[in-house]
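Naming: A, B, ... by sequence-line order, numbering from 1 per chain.
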Protein chains: 2
Amino acid sequence: MSTSPTAANPFPLEAAPRRGLGLFLRKIEHWTRLDAADRAALLGLSHSVRHFFRHATIVRERDRPTHSCVLLSGLTIRHKLVSSGARQIVGIQVAGDMIDLQNSMFEIADHSIQTLTTAEVALVPRQALRDLAASRPSVGTAMWFDTLLDASIAREWIANVGRRDARTRLAHLLCEMAVRFEMAGIGRQSCYELPMSQEQIADALGLTSVHVNRMLKALEGDGLIVRTRRSVTIADWAQLIRAGDFDSTYLHLEQRSPGSIQ
Amino acid sequence: MSTSPTAANPFPLEAAPRRGLGLFLRKIEHWTRLDAADRAALLGLSHSVRHFFRHATIVRERDRPTHSCVLLSGLTIRHKLVSSGARQIVGIQVAGDMIDLQNSMFEIADHSIQTLTTAEVALVPRQALRDLAASRPSVGTAMWFDTLLDASIAREWIANVGRRDARTRLAHLLCEMAVRFEMAGIGRQSCYELPMSQEQIADALGLTSVHVNRMLKALEGDGLIVRTRRSVTIADWAQLIRAGDFDSTYLHLEQRSPGSIQ
DNA sequence: CGCCCATTTGACAGCTTTCAAATCGCGTGG
DNA sequence: CCACGCGATTTGAAAGCTGTCAAATGGGCG
């Protein structure tokens, strides 16, 4: 994995995969500075690890969650249902992401969380997380940053669904997942497994599965990607980025500036 | 203003408008408990107040902001541009909201912020805010909650734009603004001023202004709202809520549970 | 009174959905 | 090893919601 941008790999990231909550630590240390005690407190957070099957529901809308979860491996989605019965996926989480901070801090879950693949999840009691934020403010700030990033991605999704046509939306999603997988240290950027059915992709993009199918074929026909089952190979990064109107600013890959956080 | 739900006013909130940063304090105390020292520290935050004209740009995408802002009065929007030149409004802020926490914590702004009306803004130096979060963890947690709410609203918008038809989207926005104005203590819920042109509403909903016009007329024709210039009177709350598939769970109006936060 | 911008209206085009039906992929069982 | 079954993917044709383009109308301000 290279550490400087190239045409083939415009969004490199140092490789430093870790186990357990360390994945989450690695992620938040990208923007915030933590000292040894902070790290120890985070890694020492009491938690239990639970395994979920594919398509399992981790949190259901309107639940009153008692734990916050960190995704250790696998892929999950957040989704909402609207009255017509249609479903909208409002976010995708990869290993190292907090998957229901959103829900666990408030009383009532405003969306559901499901696994796309088998997944390992670290369950942290709500109160333990809040206590940690209180006792180690730097960690609290770091988790806050994580929430800010989540919100930033959500805003980009609003723009994606609201103002881009189907082909562009799809290309944008493919770019985002490539970069996020790379950030999380899963798979290479130019070729990755996207364990989503076309119907799930459609639910993430506000389209129908039929149309997603057509657009996937269009992107493939234009030589931007190559598909074999559910693995995606990006054949032409520059073109796909252009096709997807993709600008990674919203992912805030920028390194923390020296001294930006105590 | 009543304090218990009624058919005409399903989302009451105790009235306690305050001046300056107190508005923000009032908002975040809805979910988190702050002690006197916390409050004093927040209210004592060094800041300057700046006035903006209508349609002024407060933060521009790709800026490197040096301050975080709290909106003291007026209305602002966040928006993004896509390559086709179209604009998507990804959020609306009312008095008491932090309007560019999102931008100011990261290095590079991922969206722009503009005023819809003349607006008063409290500018807080980035570092002061971070120092506050470090020295008063409860305040840090409270601001984190604010970000979580913002993210929750963004997710609802994704669902709104992605999976609801034009009429429903519009009704949903009208419901949301009614509740948020009421939460913020601005105007009554059943009748409020929405200082947005139909083009701006369109940009918020991922529609065209022409179609927004048609849908506004449809809602009015069906007797759900009455319009006079840009003020909206909700003639039939129950029906509008149904038409907009509106469920206020995502606004997390639930009061903090006793002892939920130290 | 007149200009300018926002709103309104109508006709038409187009992107996406809908509805089926056919095909494919793959795990299961014979 | 091959047949079967079931869900996912593909494909085609037609309908529909929303967008586009233009022109008319309306309202506020100088």
Counting primed atoms plus P, OP1 and OP2 as sugar-phosphate and everything else as base, spell out the protein contacts along nucleotides 15-22 of chain C at 4.0 Å heavy-atom distance: B, S or - for each nucleotide, 5' to 3'. -SBBB---
Given 3.5 Å as the limit, does a donor-acceptor pair link the side chain of B:T168 with the main chain of B:G244, or not?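 Side chain of B:T168 to backbone of B:G244, a donor-acceptor pair under 3.5 Å: no, none is there.
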Can you tell me how far [atom2] of [N] sits from [atom1] of [X], to the nearest Å?
X      : N      : atom1 : atom2 : value
A:E220 : D:dT9  : CD    : P     : 13 Å
B:E199 : D:dT20 : CD    : P     : 12 Å
B:Q198 : C:dA6  : CD    : C1'   : 8 Å
B:L216 : C:dT8  : CG    : P     : 7 Å

Heavy-atom count check: over 12 atoms from other residues, nucleotides or ligands less than 6.0 Å from [X] [atom1]?
X      : atom1 : result
B:R227 : CZ    : yes
B:E199 : CD    : no
B:R167 : CZ    : yes

Looking at A:Q88, A:Q114, A:H111, which hits side chain to side chain donor-acceptor pair (under 3.5 Å) with A:R78?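 Single pass found, and it is A:H111.
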Would you say [X] reaches [N]'s phosphate, i.e. side-chain N/O to OP1/OP2 under 4.0 Å?
X      : N     : result
B:N213 : C:dT8 : yes
B:R230 : C:dA6 : no
A:Q200 : D:dA8 : no

Are A:K80 and A:D110 packed together at the side-chain level, in the sense that at least one heavy-atom pair is separated by less than 4.5 angstrom?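 Of all side-chain heavy-atom pairs linking A:D110 with A:K80, at least one is under 4.5 Å.
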